[in-house]
A.B. asks: 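Sharing a structure with you now.
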Amino acid sequence: MSLAAPAKKAPEAEGPPVVVDPANSTWGINLDGIFGEGKKGAARGLSIYQVFKDGKPVNGLGSARTYNTSLHFVRETDIKLDMAAKTIIGTMKILMTPDPWVPVDGKPYELNVKIDGQLGENAGMWNLTGTYTATRPDGQPVRDEEKTVTSKLGGGIGPTESGWDNSVWRFQMTQVKSDDDLYKDAIDLTLGIADGKVKWGLIGPTAEPKWPATKRYPIDVSGFAPVTDAGIAKGTVMVTARYLHPGGDPKQQVRLEVNASRVQGLGGS
């Protein structure tokens with residue numbers, strides 16, 4: 001799974017600062033230096049964009065641009081936002097997804113992250129400080145040889161972008177490698193959303209995730225549930241192997257379970 005182009009919006013007129021409700025907003029939760037340092041000494045962190053509604057987490061994606069070009073799923077969240085105590089405390093299970101180069105085995109893995117965050121407020125703007133601890137449930141190191149990483153937590157909030165129930169979602173995704181595959185093409189998937197329903201879809205293979213597919217095929221989207229107001233579209237699609245690779249068997253049926261998320265203009269599936 002890799003980054004879809006962010007949605008572009010018209011410039012907003014200048015005016016008074018927007019007062020954001022922390023319980024109904026998107027928190028940027030930054031895990032400082034979780035992947036160590038890059039070649040130039042800069043900390044390689046992971047930023048989680050967690051959407052809250054009525055104080056509860058409802059959707060989330062992560063980005064680690066100094067690690068790889070993919071987006072990463074918040075699969076499970078048990079975070080408590082306590083405005084009285086001014087804390088965000090809890091755990092997240094994050095699926096780290098590969099791009100064509102990182103990690104080298106081309107396989108996803110899971111991170112378990114525990115956060116202990118304190119909220120600060122200044123003139124209606126909120127920020128996040130604290131600490132986090134990250135481990136991998138498979139026992140592998142998180143960075144270098146370290147199996148447990150503890151470091152600084154940071155971040156802040158912004159208003160949750162809406163309007164995804166009437167938009168076009170495009171995902172350019174890297175297929176997960178397996179030991180018996182010689183190659184895997186990337187997949188270009190586009191969904192047309194109107195009035196909160198998936199109305200149409202196109203799919204096609206491409207050699208690189210950032211390249212458009214040379215040919216895209218229409219797909220049956222009747223297996224999709226309505227899009228949630230948190231920006232999640234789930235559904236089942238049946239395609240032939242030819243839709244996923246130019247040399248695929250057109251008679252071989254492949255079932256795709258699609259779990260697509262939009263958060264602040266980022267799209268992951």
Side-chain angles (χ1 to χ4, degrees), residues 1-8 46-47 49 59 61-75 94-109 164 166-194 198-224 227 231-269:
M1 174 200 67
S2 60
L3 180 65
K8 295 182 179 179
L46 171 62
S47 295
Y49 302 98
N59 191 11
L61 288 173
S63 176
R65 302 297 289 176
T66 55
Y67 174 71
N68 71 7
T69 61
S70 187
L71 289 177
H72 313 286
F73 273 95
V74 181
R75 300 186 75 174
I94 303 167
L95 180 67
M96 298 298 298
T97 60
D99 69 6
W101 308 277
V102 179
V104 292
D105 63 3
K107 296 179 180 179
Y109 63 91
W164 304 125
N166 285 284
S167 57
V168 175
W169 300 12
R170 188 172 186 181
F171 309 96
Q172 292 162 287
M173 305 177 291
T174 301
Q175 292 193 59
V176 175
K177 297 178 182 178
S178 59
D179 295 335
D180 57 353
D181 286 321
L182 295 178
Y183 48 77
K184 286 278 192 180
D185 282 302
I187 298 173
D188 187 329
L189 173 66
T190 302
L191 301 176
I193 317 293
V198 181
K199 298 290 189 178
W200 56 268
L202 297 171
I203 196 170
T206 177
E208 294 285 348
K210 294 184 179 180
W211 296 355
T214 54
K215 185 176 182 179
R216 295 195 290 169
Y217 305 86
I219 55 176
D220 179 4
V221 296
S222 61
F224 275 87
V227 177
I232 299 174
K234 292 184 179 181
T236 301
V237 178
M238 296 297 298
V239 300
T240 73
R242 178 65 57 84
Y243 286 25
L244 306 179
H245 186 272
D249 185 351
K251 296 181 181 179
Q252 180 184 1
Q253 292 291 307
V254 180
R255 177 188 177 97
L256 302 180
E257 296 287 345
V258 179
N259 183 359
S261 290
R262 300 290 314 206
V263 177
Q264 305 300 78
L266 302 178
S269 179

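Numbers here simply count residues along the sequence, with the first being 1.
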A.B. asks: Quick one: list whatever passes ring pair (Phe, Tyr, Trp, His ring centres under 6.0 Å) with Y243, sequence neighbours left out.
C.D. replies: Y217

A.B. asks: Locate the shortest heavy-atom distance separating H245 from G247; write the atom from each residue and the value.
C.D. replies: ND1-N, 2.8 Å

A.B. asks: Is there a side-chain contact between F73 and L61 (heavy atoms, below 4.5 Å)?
C.D. replies: yes

A.B. asks: Between R262 and V227, is any pair of side-chain heavy atoms under 4.5 Å apart?
C.D. replies: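 Answer no - side chains too far apart.
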
A.B. asks: Looking at every heavy atom in both W164 and I193, which two are closest together, and how far apart are they?
C.D. replies: O-CG2, 3.7 Å

A.B. asks: Is there a side-chain contact between D185 and L244 in this structure, where contact means two heavy atoms from C-beta onward sitting under 4.5 Å apart?
C.D. replies: no

A.B. asks: Search all heavy atoms of F171 against all heavy atoms of A260 and return the closest pair with its distance.
C.D. replies: CZ-CB, 3.6 Å

A.B. asks: Find out whether P212 and R170 are in side-chain contact, i.e. whether some heavy atom of one side chain is under 4.5 Å from a heavy atom of the other.
C.D. replies: yes

A.B. asks: Evaluate the side-chain proximity of I203 to L256: yes if any heavy-atom separation is below 4.5 Å, no if none is.
C.D. replies: yes

A.B. asks: So, for D188 and A213, which heavy atoms are closest and what is the spacing to 0.1 Å?
C.D. replies: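 Closest pair (atom of D188, atom of A213, distance): OD2-N, 3.4 Å.
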
A.B. asks: Side chains of S70 and N68: do they bring a donor and an acceptor to under 3.5 Å?
C.D. replies: no

A.B. asks: Could you state the interatomic distance from CD (E208) to OG1 (T174), rounded to the nearest 0.5 Å?
C.D. replies: 8.0 Å

A.B. asks: Within a strict 4.5 Å, meaning less than it, do heavy atoms of the W169 and S261 side chains meet?
C.D. replies: no

A.B. asks: Would V102 and Y67 count as a side-chain contact (heavy atoms from CB on, under 4.5 Å) if you check the C-alpha gap in whole Å, the side-chain angles of each, and the deciding distance to 0.1 Å?
C.D. replies: CA-CA 7 Å; V102 179; Y67 174 71; 3.7 Å; yes

A.B. asks: Check step by step if side-chain contact (heavy atoms from CB on, under 4.5 Å) holds for F224 and L191.
C.D. replies: CA-CA 10 Å; F224 275 87; L191 301 176; 4.0 Å; yes

A.B. asks: Say you draw a straight line from CZ of R75 to CG of L95; how long is it, rounded to the nearest 0.5 Å?
C.D. replies: 5.0 Å

A.B. asks: Name each donor-acceptor pair under 3.5 Å that joins a side chain in residues 232-240 to protein atoms two or more places apart or in another chain, with its distance.
C.D. replies:
| unit_1 | atom_1 | unit_2 | atom_2 | d |
| --- | --- | --- | --- | --- |
| T236 | OG1 | E257 | OE1 | 3.1 |
| T240 | OG1 | R242 | N | 3.4 |

A.B. asks: For side-chain contact (heavy atoms from CB on, under 4.5 Å), just list the numbers for I219 and L189, CA-CA rounded to whole Å, side-chain angles, deciding distance to a tenth of an Å, and then say yes or no.
C.D. replies: CA-CA 10 Å; I219 55 176; L189 173 66; 3.9 Å; yes

A.B. asks: Is the shortest side-chain heavy-atom distance between Q172 and T206 below 4.5 Å?
C.D. replies: no

A.B. asks: Specify the closest pair of heavy atoms between P246 and P205, including all atoms of both residues, with the distance to one decimal.
C.D. replies: CD-CG, 4.0 Å

A.B. asks: Is there a side-chain contact between W200 and T190, using heavy atoms and a 4.5 Å cut-off?
C.D. replies: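 Yes - at least one pair of side-chain heavy atoms lies under 4.5 Å apart.
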
